[in-house]
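Everything below concerns the one structure shown next.
Numbers for residues simply follow the sequence, beginning at 1. Quick caveat, the model's predicted, so the values are computed rather than measured.
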Amino acid sequence: MFLVTDTQIVHEGMLEDVNSLLNSGEVPNLFVGPDIDEIMTAMKPICVAEGVHLDKVNMYARFVKFCKTNLHVSVCMSPMGEPFRNRLRMFPALVNCCTI
């Protein structure tokens, strides 16, 4: 469970990552080098069991699918005021990928 409240949003760039997480299930460029290798090592037996072709793209896609299935995100914001309306306009996944 990942909980984000509007009081924790120090700058709007933080919502960019939340928007990406809600929309695609991942934060772009979050993992690099050794982290990717560790993910590939962990996903290899799962991909073999499911018959997924063992290349980095397919294994990473399976990892993202696993994350999307198991990660729950709660975004709590006050609906009062201009900041809420601006955030909904700037980050459409807050509406399209959430239950309000």
Side-chain angles (χ1 to χ4, degrees):
M1 173 65 124
F2 180 62
L3 175 66
V4 179
T5 64
D6 56 355
T7 58
Q8 294 173 318
I9 301 168
V10 179
H11 53 84
E12 298 298 313
M14 294 171 66
L15 279 176
E16 183 78 32
D17 291 338
V18 172
N19 188 64
S20 295
L21 186 63
L22 290 170
N23 197 28
S24 66
E26 67 173 320
V27 177
N29 302 317
L30 181 64
F31 302 110
V32 294
D35 296 330
I36 293 285
D37 294 337
E38 193 173 323
I39 290 169
M40 296 303 136
T41 303
M43 293 306 295
K44 188 173 183 176
I46 295 168
C47 290
V48 167
E50 294 179 357
V52 175
H53 183 66
L54 295 179
D55 64 13
K56 282 192 172 191
V57 173
N58 289 337
M59 290 170 58
Y60 189 75
R62 180 60 185 95
F63 170 72
V64 170
K65 181 180 174 186
F66 177 79
C67 291
K68 286 173 77 171
T69 302
N70 292 302
L71 180 64
H72 299 279
V73 179
S74 292
V75 181
C76 304
M77 291 188 214
S78 171
M80 303 296 288
E82 194 64 27
F84 180 68
R85 285 188 290 276
N86 290 336
R87 288 172 177 161
L88 293 182
R89 277 189 225 113
M90 289 173 35
F91 306 107
L94 294 174
V95 175
N96 299 333
C97 302
C98 292
T99 302
I100 298 176

With a sphere of 6.0 Å drawn around CZ of Phe84, does it hold more than 12 non-hydrogen atoms of other residues, nucleotides or ligands? yes

Looking at Gly25 and Cys67, what are the two nearest heavy atoms and their distance? O-CB, 4.3 Å

For residues Asp6 and Arg87, report the shortest heavy-atom separation together with the two atoms involved. CB-NH1, 3.6 Å

Calculate, to the nearest 0.5 Å, the distance between atoms CG and CE belonging to Asp35 and Met40 respectively. 11.0 Å

Testing the basics here: between Val32 and Asn29, what is the closest heavy-atom pair and its distance to 0.1 Å? CG1-O, 4.5 Å

Common cluster, Ile9/Met90, ILVMFWY with side-chain heavy-atom separation under 4.5 Å: yes

What I'd like to find out is whether the side chain of Arg89 reaches to under 4.5 Å of the side chain of Leu94, using heavy atoms alone. no

Once salt bridge (charged side-chain N to carboxylate O under 4.0 Å, His left out) is applied, what residue pairs with a partner in residues 57-68 remain, sequence neighbours excluded? Glu50-Arg62

Using every non-hydrogen atom in the two residues, find where Leu22 and Cys98 come nearest and quote the distance to one decimal. CD1-SG, 3.7 Å

Apply side chain to side chain contact (heavy atoms under 4.5 Å, CB included) to Phe91 and Val18, showing your working. CA-CA 9 Å; Phe91 306 107; Val18 172; over 6 Å; no

When rounded to the nearest 0.5 angstrom, what distance separates CD1 in Ile36 from CG in Leu30? 9.0 Å

Cluster overlap Val57 with Ile39, hydrophobic side-chain contacts below 4.5 Å: no

Of all heavy-atom pairs between Pro92 and Asn19, which one has the smallest distance, and what is that distance? N-OD1, 3.7 Å

Cluster check Val52, Ile46: I/L/V/M/F/W/Y, side chain < 4.5 angstrom: no

Return the CG to SG distance between Asn23 and Cys97, rounded to the nearest 0.5 Å. 4.5 Å

Group every Ile, Leu, Val, Met, Phe, Trp and Tyr by side-chain heavy-atom contacts under 4.5 Å, then state whether Met80 and Leu88 land in the same group. no

Between OH of Tyr60 and CD of Glu26, what distance do you get to the nearest 0.5 Å? 4.0 Å

Give a yes or no on whether Met14 and Val4 share a hydrophobic cluster (residues Ile, Leu, Val, Met, Phe, Trp, Tyr; joining criterion: side-chain heavy atoms under 4.5 Å apart). no

Between Val64 and Ser24, which heavy-atom pair has the shortest distance, and what is it? CG1-O, 3.6 Å

Would you say Glu12 has more than 12 foreign heavy atoms packed within less than 6.0 Å of its CD? yes

